[in-house]
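Here's the structure, in structure tokens; my notes come after.
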2 protein chains.
Amino acid sequence: MEDEVQHWINRYMDAYMMVTRQVAARIKDSIAADTTNDQYQILRLIHAQEQCTSTYLAETFCVGKSSITAIINRLVQAGIIERTRDENDRRQVYLSMSEHGKRVFEAAESQVHEVVAPYLFHFEKKDIETFIMMFEKLASLIQNDNGGKSQ
Amino acid sequence: MEDEVQHWINRYMDAYMMVTRQVAARIKDSIAADTTNDQYQILRLIHAQEQCTSTYLAETFCVGKSSITAIINRLVQAGIIERTRDENDRRQVYLSMSEHGKRVFEAAESQVHEVVAPYLFHFEKKDIETFIMMFEKLASLIQNDNGGKSQ
DNA sequence: ATGAAACTGTTCTACAGTTGAACTATATTT
DNA sequence: AAATATAGTTCAACTGTAGAACAGTTTCAT
């Protein structure tokens with residue numbers, strides 16, 4: 001039983017590292033050279049969020065807020081992201097994509113899809129569903145498990 | 001059909017990012033502060049490989065060889081890794097763990113297992129097998145797809 | 001109403017990781 | 001022997017990360 005768990009974890013880590021690294025490398029080669037993978041992930045989060053703040057990004061991305069400031073500074077400098085202060089609570093700064101930013105994001109997105117899509121055709125529809133659902137269940141388990149280490 | 005693929009990719013990316021980031025953050029909090037996640041991944045590769053070279057690590061990790069040099073330099077400086085030149089082909093340098101390195105690696109490994117294992121108990125044995133097998137299939141698809149971009 | 005506490009985000013310094021070009025040393029090819 | 005290929009390193013420039021100190025804003029307790 002214990003051995004089985006160990007074995008699963010090792011297999012998972014092996015496959016996981018391979019997939020993660022290779023997919024990241026392929027996406028990097030594919031999307032415009034001046035946008036990094038992390039920047040693309042940040043753009044995805046901003047795109048999906050109505051009023052996106054640094055705090056939200058820091059929590060979702062699991063990094064400190066100063067990392068977000070650094071990334072956003074570069075994206076602002078590249079004319080991709082714009083900052084807007086909330087007039088009701090002037091502490092908050094909302095992050096949104098400029099028109100140029102939207103074009104950059106959409107181009108990157110379609111490149112990513114071109115990289116990933118071909119692999120899907122090697123799998124049964126049913127298996128893809130199962131795979132994604134397990135991934136989503138895992139994501140929600142992890143998400144609802146903040147702070148409390150045990151269990 | 002196209003829409004379905006798009007939808008899958010988006011769901012996959014969402015779940016994937018969440019799991020990747022959260023697990024990485026938890027592992028980082030868990031393993032000794034002076035070993036990074038990337039260093040742990042490198043140690044796993046060295047541990048699994050009989051005679052490990054920089055070139056092998058660079059290819060497997062999908063980075064340039066100079067990145068590997070930088071990582072290995074830090075691990076050598078920390079007394080975790082040792083370099084040994086091949087006497088038959090003096091260009092080659094084999095990387096191996098020192099005794100201290102082995103202890104560091106085993107400690108990190110057991111920490112990682114402690115972080116990951118609890119999540120497994122939320123899943124059916126059968127589903128875990130399916131999940132890992134799909135991951136492994138994906139890994140091997142990607143691996144056997146070097147160079148040729150299309151398909 | 002005012003002062004303490006909490007919150008949002010930035011700046012700064014130090015470091016890990018990445019890249020790509022230039023380089024050293026060794027081995028192979030012709 | 002000279003040209004070429006291979007394995008690895010060095011260097012400079014950059015992205016990403018952490019954590020502490022900080023500034024500005026809001027909330028809360030008394």
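Lettering follows sequence order; numbering is per chain, from 1.
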Inset, instruction - Tell me which residues in residues 34-46 of chain A put a heavy atom below 4.0 Å from DNA chain D, sorted by number, or none. - result: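 When residues 34-46 of chain A is checked for heavy atoms under 4.0 Å from DNA chain D, the hits, listed by number, are Thr36(A), Asp38(A), Gln39(A).
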Legend entry - Contact interval (first through last nucleotide) of DNA chain C with protein chain B, 4.0 Å heavy-atom: dA16(C) to dA27(C)
Legend entry - Side-chain N or O of Arg74(A) closer than 4.0 Å to phosphate OP1/OP2 of dT15(D): yes
Inset, instruction - Give a yes or no answer on whether the side chain of Arg44(A) reaches the backbone of Glu109(A) with a donor-acceptor pair at less than 3.5 Å. - result: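 No; judged by distance alone, with no hydrogens or angles, the pair does not exist.
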Inset, instruction - Indicate, with a heavy-atom threshold strictly under 4.0 Å, whether Asp86(A) touches base, sugar-phosphate, or nothing. - result: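 Here Asp86(A) touches no strand at all.
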Inset, instruction - In whole angstrom, give the distance that lies between atom CD1 of Ile71(B) and atom C1' of dG16(D). - result: 14 Å
Inset, instruction - Rounded to the nearest angstrom, tell me the gap between atom CD in Glu59(A) and atom P in dA18(D). - result: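 The distance from CD of Glu59(A) to P of dA18(D) comes to 14 Å, rounded to the nearest Å.
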Legend entry - Residues that Arg21(B) engages under salt bridge (charged side-chain N to carboxylate O under 4.0 Å, His left out), provided they are two or more places apart: Asp38(A)
Inset, instruction - Given side chain to side chain contact (heavy atoms under 4.5 Å, CB included), test Ser30(A) with Val112(A) step by step and report yes or no. - result: CA-CA 7 Å; Ser30(A) 171; Val112(A) 168; over 6 Å; no
Inset, instruction - Could you name each residue pair satisfying ring-ring contact (aromatic ring centres under 6.0 Å, His included) that touches residues 47-86 of chain A, not counting sequence neighbours? - result: His47(A)-Phe105(A)
Would [X] and [Y] pass as an ion pair if we require N to O under 4.0 Å?
{"X": "Lys126(B)", "Y": "Glu129(B)", "answer": "no"}
{"X": "Lys125(A)", "Y": "Glu4(B)", "answer": "yes"}
{"X": "Arg103(B)", "Y": "Glu106(B)", "answer": "no"}

Legend entry - Point-to-point distance, once rounded to the nearest 0.5 Å, from OG1 of Thr130(A) to CG of Asp127(B):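 It comes to 7.5 Å.
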Legend entry - Aromatic centroids of Phe135(A) and Phe131(B) separated by under 6.0 Å: yes
Expected list for residues 83-92 of chain B: side-chain donor-acceptor pairs under 3.5 angstrom, two or more places apart:
{"unit_1": "Arg83(B)", "atom_1": "NH1", "unit_2": "Asn73(B)", "atom_2": "OD1", "d": "3.1"}
{"unit_1": "Arg83(B)", "atom_1": "NH2", "unit_2": "Asn73(B)", "atom_2": "OD1", "d": "2.9"}
{"unit_1": "Arg85(B)", "atom_1": "NE", "unit_2": "Arg90(B)", "atom_2": "O", "d": "2.8"}
{"unit_1": "Arg85(B)", "atom_1": "NH2", "unit_2": "Arg90(B)", "atom_2": "O", "d": "3.2"}
{"unit_1": "Asp86(B)", "atom_1": "OD1", "unit_2": "Asn88(B)", "atom_2": "N", "d": "2.6"}
{"unit_1": "Asp86(B)", "atom_1": "OD1", "unit_2": "Asp89(B)", "atom_2": "N", "d": "3.3"}
{"unit_1": "Asp86(B)", "atom_1": "OD2", "unit_2": "Tyr94(B)", "atom_2": "OH", "d": "2.6"}
{"unit_1": "Glu87(B)", "atom_1": "OE1", "unit_2": "Arg90(B)", "atom_2": "NH1", "d": "3.4"}
{"unit_1": "Glu87(B)", "atom_1": "OE2", "unit_2": "Arg90(B)", "atom_2": "NH1", "d": "3.2"}
{"unit_1": "Asp89(B)", "atom_1": "OD1", "unit_2": "Arg91(B)", "atom_2": "N", "d": "3.1"}
{"unit_1": "Asp89(B)", "atom_1": "OD1", "unit_2": "Arg91(B)", "atom_2": "NE", "d": "3.1"}
{"unit_1": "Asp89(B)", "atom_1": "OD2", "unit_2": "Arg91(B)", "atom_2": "NH2", "d": "3.0"}

Legend entry - B/S/- contact track for nucleotides 7-13 of chain D, protein heavy atom under 4.0 Å: BBBB---
